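Single-structure report; data block below.
These numbers come from a predicted model, not from an experiment. Chain A is the first sequence line, chain B the second, and so forth, proteins listed ahead of strands; every chain is numbered from 1.
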Number of protein chains: 2
Amino acid sequence: MTTVPTPRVTIKDVAARAGVSKGAVSLAFNRKPGLSDATRDRIFAAARELGWAPNLTARSLSSQRVDVVGLAICRPAKQLGLEPFYMEFISGVEGVLTERSCSLLLRLVRNLEEEVGLQEAWWKGKQISGSILVDFRADDPRVAAVERLGMPAVAVGHPSLTGSLTSVWTDDATAVAEAVRYLAALGHRRIARVGGAAPLGHTTIRTAAFDEAARTLGLAGSWQVATDFSGDAGARATRSLLSAAPPDRPTAIVYDNDIMAVAGLSVASEMGLSVPGDVSLLAWDDSQLCRLTHPTLSAMSHDVHGFGADVARTLFGVITGEEPASHPVPTPVLTPRGSTAPPGGGSRM
Amino acid sequence: MTTVPTPRVTIKDVAARAGVSKGAVSLAFNRKPGLSDATRDRIFAAARELGWAPNLTARSLSSQRVDVVGLAICRPAKQLGLEPFYMEFISGVEGVLTERSCSLLLRLVRNLEEEVGLQEAWWKGKQISGSILVDFRADDPRVAAVERLGMPAVAVGHPSLTGSLTSVWTDDATAVAEAVRYLAALGHRRIARVGGAAPLGHTTIRTAAFDEAARTLGLAGSWQVATDFSGDAGARATRSLLSAAPPDRPTAIVYDNDIMAVAGLSVASEMGLSVPGDVSLLAWDDSQLCRLTHPTLSAMSHDVHGFGADVARTLFGVITGEEPASHPVPTPVLTPRGSTAPPGGGSRM
DNA sequence: AATAGTGACTTTACCGGTTTAGCGGCGGCT
DNA sequence: AGCCGCCGCTAAACCGGTAAAGTCACTATT
């Protein structure tokens with residue numbers, strides 16, 4: 001294929017064709033007052049005939065705004081592929097961006113330092129008008145960096161992690177408590193949790209909430225393991241938890257995402273334990289995956305798409321200077337399915 | 001948080017501080033010859049002190065190039081979330097883009113018309129320097145549109161679908177044939193396939209290849225179902241295939257992605273059929289998911305990350321005018337695991 | 001000694017829009 | 001009639017860079 005030496009039609013050509021100045025074309029395309037309807041129509045007709053669309057690069061240079069927001073995700077590719085959360089989140093964000101003809105600049109980064117550098121480059125390079133920050137950690141360096149830059153941003157994470165940034169979060173502590181309370185109500189006394197990546201702030205929050213709930217309910221202890229969110233890690237953790245002799249073996253396990261719960265289910269079956277007879281399993285996030293297993297997985301479910309949309313809307317608020325309030329999205333709710341039941345129902349599968 | 005009225009440091013400030021002209025600063029930052037080391041150092045020092053980074057918008061306006069490539073994905077959000085393919089593909093693309101400090105503009109679109117409009121807007125708006133096109137269909141309107149625009153692009157799909165566009169593809173026909181041959185070699189005579197979305201070109205190709213292979217091997221027929229790639233659809237299809245009475249029931253099923261295979265596995269178990277005893281299952285793509293089930297899923301596996309990287313590299317070739325050749329990536333290879341075995345081993349689980 | 005060549009910069013003309021100041025003409029008001 | 005104010009539009013400055021042409025001092029060549 002030979003690349004045609006593109007004709008490069010610019011605003012000047014359109015202006016010439018419509019018999020007006022380029023200022024007039026600009027006014028027409030930005031729906032600003034000051035033009036008669038007749039002229040406006042002539043301009044649009046000319047533009048259509050020439051197949052012209054404004055050069056957004058030039059536009060943002062002179063108008064000092066860009067219709068692009070950034071999203072950098074800092075997790076190993078290996079985990080990302082399977083984590084249904086992100087794609088759904090992104091699709092929620094997209095939905096809102098699209099309505100405002102805004103685009104998403106996506107980048108996967110290897111660590112937070114890289115992300116800080118990237119956000120700075122994006123912002124100083126005037127490539128984005130704001131950014132969505134995810135996966136906060138304790139003392140996250142992005143908080144200070146973003147403040148210093150004065151860049152509009154929305155932090156996805158609990159306010160205790162996101163400093164002065166506008167944030168949107170899920171109330172993980174409450175959700176964890178509900179999960180534990182539910183299992184306890186079923187009669188479980190030995191409940192374990194297979195958590196996510198330890199450095200992540202929300203993991204810490206869930207861990208603390210789990211401990212707290214276990215204590216409050218007077219449970220037999222509080223087994224928790226940190227993983228990297230991968231299925232393999234979830235399988236390993238489950239294997240280790242379930243290989244304890246029955247009196248010490250947990251009768252219920254809560255997972256921090258779907259993948260690990262699926263992996264856990266498979267480990268239980270591989271070890272000859274029935275679910276939920278010998279052990280109850282509770283997943284988190286509740287993607288489609290939870291309904292594809294046998295038994296189906298009970299889960300703490302969550303409107304991830306809506307979460308993304310909310311975050312995007314909030315970001316627009318920040319960008320336009322409305323100073324929207326930080327707020328939580330609806331707390332995940334328990335969706336009981338086939339993987340949870342009172343303990344000791346024990347029939348082999 | 002009060003947004004600081006950003007100081008707006010420009011190339012002029014840096015030039016002034018370093019005591020040179022802005023042309024010199026430009027030369028320094030673009031690593032072009034014509035400056036003494038001493039001056040270069042002074043410039044960098046000045047830039048560092050002022051915290052300056054070039055305005056990429058201005059740069060691309062005058063240099064006529066942008067370091068951004070586009071990717072529009074046209075699938076319902078619901079499917080995307082779970083489809084491990086895309087995130088892995090994207091991460092492969094990203095890896096290559098990052099080395100060249102290039103960014104990815106991502107957009108989810110609802111239909112091809114929208115995508116055509118988007119690509120045109122992106123290109124005419126000089127927002128991207130090229131695009132990656134995925135999920136081709138027969139008579140795909142994007143082929144003509146992209147040619148008309150003269151936009152550099154790489155099509156992910158078989159050349160029979162992508163017209164004159166440079167393309168990178170997986171040899172699905174060969175892979176399907178291998179899958180069928182393998183199952184036939186195990187002794188299966190009644191093999192079914194749960195395919196992906198019918199309008200997609202690669203689905204058509206696989207369907208034809210499956211028919212062909214079934215005929216060549218003299219199999220008992222060729223059951224194929226089209227779905228939408230979702231787990232639910234995979235489950236429904238499997239349920240329908242397996243509910244035939246034993247002489248007509250397939251003894252092996254090939255799936256077009258992992259999710260559907262996982263769903264199929266669960267349906268088999270729900271119907272009291274053992275895998276691989278009563279029915280063998282073969283997945284496609286081979287994400288982590290295949291190793292998390294019980295039994296583990298045999299799959300046609302595929303270096304999706306590498307695929308993405310290859311596509312990105314090829315796109316750079318097209319952009320720089322090297323006219324790279326269209327080429328296939330390595331054909332998926334069979335990875336036998338626990339879900340495939342000779343038919344009739346039939347012990348209940 | 002005159003000429004050519006080179007290295008190190010500077011000057012200046014864009015890139016393709018947006019934006020603001022300005023301007024001619026026309027209707028309304030006094 | 002004269003002045004004002006507004007409408008509809010144009011001209012020109014500007015956004016922050018890049019790139020090509022120009023300048024100038026200094027060395028090498030003949």
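At whole-Å resolution of the value, CD in A:Gln127 and P in D:dC15 are 21 Å apart. Distance CG (A:Asp37) to C1' (D:dC7): 13 Å, rounded to an integer number of Å. The CG-P distance, from A:Leu61 to D:dA13, rounds to 17 Å in whole Å. A:Leu35 places its CG atom 15 Å from the C1' atom of D:dC6, with the value rounded to the nearest Å. B:Leu56 places its CG atom 18 Å from the P atom of D:dC15, with the value rounded to the nearest Å. The separation between B:Lys126 atom NZ and C:dG17 atom P is 9 Å, rounded to whole Å. One can place CG of A:Asp41 at 13 Å from P of D:dG8, the figure rounded to the nearest angstrom. Distance CZ (B:Arg40) to P (C:dC9): 9 Å, rounded to an integer number of Å.
In the set D:dG8, C:dG16, D:dT10, C:dG16 carries the atom at the smallest distance from any side-chain atom of B:Gln64.
One N or O on the side chain of B:Ser131 and one on the backbone of B:Gly70 form a donor-acceptor pair closer than 3.5 Å.
In this structure, A:Phe89 and A:Phe85 have parallel ring planes: the angle between them is below the 30° cut-off, well short of the 60° mark.
A:Asp67 has a carboxylate O that lies under 4.0 Å from a charged side-chain N of A:Arg65, or vice versa, which qualifies the two as a salt bridge.
Heavy atoms of B:Thr39 sit under 4.0 angstrom from primed sugar atoms or phosphate atoms, though from no base atom. Residue-level contact check: A:Gly19 touches the backbone only, with heavy atoms under 4.0 Å from sugar-phosphate atoms and none from bases.
A distance of 12.0 Å separates CG in B:Leu50 from CD1 in B:Ile11, rounded to the nearest 0.5 Å. How far CD of B:Glu94 is from CD1 of A:Ile73: 9.0 Å, rounded to the nearest 0.5 Å.
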Which atoms of nucleotides 18-20 of chain C (N or O only) lie under 3.5 Å from a protein N or O atom, and what are those distances?
| residue | atom | partner | partner atom | Å |
| --- | --- | --- | --- | --- |
| C:dT18 | OP1 | A:Asn30 | ND2 | 3.0 |
| C:dT18 | OP1 | A:Arg59 | NE | 2.9 |
| C:dT18 | OP1 | A:Arg59 | NH2 | 3.3 |
| C:dT18 | OP2 | A:Ser26 | OG | 2.5 |
| C:dT18 | O5' | A:Ser26 | OG | 3.4 |
| C:dT18 | O4' | A:Ser62 | OG | 2.6 |
| C:dT19 | OP2 | A:Lys32 | NZ | 2.5 |

Could you list the donor-acceptor pairs under 3.5 angstrom formed between side-chain atoms of residues 29-36 of chain B and any protein atom two or more places apart in sequence or on another chain?
| residue | atom | partner | partner atom | Å |
| --- | --- | --- | --- | --- |
| B:Asn30 | ND2 | B:Ser26 | O | 2.8 |
| B:Asn30 | ND2 | B:Ser26 | OG | 3.4 |
| B:Ser36 | OG | B:Thr39 | N | 3.2 |
| B:Ser36 | OG | B:Thr39 | OG1 | 2.7 |

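B:Trp122 does not carry B:Lys124 over the face of its six-membered ring by the limits of under 6.0 Å from the centre and within 45° of the normal.
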